Amino acid sequence: MKLLFSILVWSVAGGLAVAETRELEPIVGGPCEGCEAVFQGMPGEIPSQARLAPAEEPGDPLVITGVVRDARGQPVPGIIIYAYHTDRGGIYPQGNGFDRGTAAYRHGRIRGWVRTDGQGHYEFSTIRPGGYPGADIPEHVHLHVIEPGRCTYYIDDIVFDDDPRLTARQRRQLLTGRGGNGLAVPVRDGRNGWRVTRDIVLGAGVPDYTPRH
């Protein structure tokens, strides 16, 4: 599926802000609800470590780390990971400056991007999300991958191993899901917070994905 629009990018040339456009990476892996949000508000410079929730956001601190690898197990630098999730009450909090109806608005303000470093590593600092109110869906963090110049696709959410809403069937599915194992084991980090690891295998379980060479 090819995205049929371009993204507006602001760069600085000679002290002036210059508007440029570029074609967006095509979506692979089937329909993708909200896939356009990965490009909405994406900064020009993306570090390998970033915050999703601001430091003052209520909730238990959470650090998400991982390594992105190709199908041969080699770390891949320069891959963009987009993530978003609910607040501690299970709501996608608004206030990110986007208009109603846009995918970015629906994703809320706890969202952000990282780009893998030379060893394929990335890290998000955030809070542990809450489950949807009145639902039996486990707590989760949504993830999308952008392979610059190649494609974009969603992968399985990060789901927490200690969540009582997690069923045995969901556990089995997560172990071999899109992008590799999405079942994360939360570990206390000694600062009243949590750490989880979510390694990513590019294209794993994604239909119509063309492996990297």
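Reckoned from all heavy atoms, side chains included, excluding hydrogens, waters and symmetry mates. As the structure is a prediction and not an experimental result, all values here were calculated from the model.
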Any side-chain heavy atom of [X] sitting closer than 4.5 Å to one from [Y]?
X    : Y    : value
V141 : T126 : no
V28  : E147 : no
P129 : L62  : yes
R150 : T210 : yes
R188 : W194 : yes
L202 : Y209 : yes
C35  : E25  : no
N181 : T176 : no

(request) Measure the acute angle between the ring planes of Y92 and Y84, then classify it against the limits of 30° and 60° as parallel, tilted or perpendicular. (result)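 Tilted, since the angle between the ring planes falls between 30° and 60°.
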So, for [X] and [Y], which heavy atoms are closest and what is the spacing to 0.1 Å?
X    : Y    : result
P58  : I127 : O-CD1, 3.2 Å
V67  : D199 : N-OD1, 2.9 Å
P133 : G90  : CD-O, 3.6 Å
Q119 : P75  : O-CB, 3.2 Å
V63  : S125 : CG2-OG, 4.3 Å
A103 : A37  : CB-CB, 3.5 Å

(request) Inspect the contact between D161 and R171 and indicate whether a charged nitrogen and a carboxylate oxygen are less than 4.0 angstrom apart. (result) yes
(message) Closer than 4.0 angstrom, basic N to acidic O: yes or no for E57 and R88?
(response)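 No salt bridge links E57 with R88.
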Please determine whether residues [X] and [Y] belong to a single hydrophobic cluster, defined as Ile, Leu, Val, Met, Phe, Trp and Tyr linked transitively by side-chain heavy-atom distances below 4.5 Å.
X    : Y    : answer
Y122 : I110 : yes
I64  : V76  : yes
L175 : V159 : yes
V196 : V114 : yes
L183 : F160 : no

(request) Check each of D60, D87, D162 against R128 using the salt bridge (Lys or Arg N to Asp or Glu O under 4.0 Å) test, and report the only one that passes. (result)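 Passing option: D162.
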(request) Name all pairs fulfilling the side-chain hydrogen bond (donor to acceptor under 3.5 Å, both in side chains) condition that reach into residues 61-70, sequence neighbours left out, sorted by first residue then second. (result)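 side-chain hydrogen bond (donor to acceptor under 3.5 Å, both in side chains) check on residues 61-70 returns D70-R72.
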(request) Check side-chain hydrogen bond (donor to acceptor under 3.5 Å, both in side chains) between R100 and all other residues, then give those that pass, not counting sequence neighbours. (result) Y105
(message) For D157, give me all partners under side-chain hydrogen bond (donor to acceptor under 3.5 Å, both in side chains), at least two apart in sequence or on another chain.
(response)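 Residues passing side-chain hydrogen bond (donor to acceptor under 3.5 Å, both in side chains) with D157: H142.
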Under 3.5 Å, side chain of [X] to main-chain N/O of [Y], donor-acceptor pair present?
X    : Y    : result
T152 : V145 : yes
D163 : E139 : yes
W113 : G41  : no

(message) Can you tell me which residue among I200, I80, I46, I79 is in a side-chain contact (heavy atoms from CB on, under 4.5 Å) with T116?
(response)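 Only one option passes, and that is I79.
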(request) Run the numbers on R198 and I155 for side chain to side chain contact (heavy atoms under 4.5 Å, CB included), then give the verdict. (result) CA-CA 11 Å; R198 202 323 185 173; I155 62 175; 3.9 Å; yes
(message) Is the distance from the ring center of F124 to that of H85 below 6.0 Å?
(response) no
(request) Carefully, step by step, assess L166 and H140 under the rule side chain to side chain contact (heavy atoms under 4.5 Å, CB included). (result) CA-CA 10 Å; L166 187 61; H140 56 279; over 6 Å; no
(request) Test E45 against R115 for salt bridge (Lys or Arg N to Asp or Glu O under 4.0 Å), laying out the working first. (result) CA-CA 9 Å; E45 297 293 327; R115 187 188 298 268; over 6 Å; no
(message) Is a donor from one side chain sitting under 3.5 angstrom from an acceptor on the other, for Y82 and R111?
(response)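 Indeed, the side chains of Y82 and R111 share at least one donor-acceptor pair under 3.5 Å.
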(request) Rounded to the nearest 0.5 Å, what's the gap from OH on Y153 to CG on L143? Could you check? (result)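 If I round to the nearest 0.5 Å, the distance is 11.5 Å.
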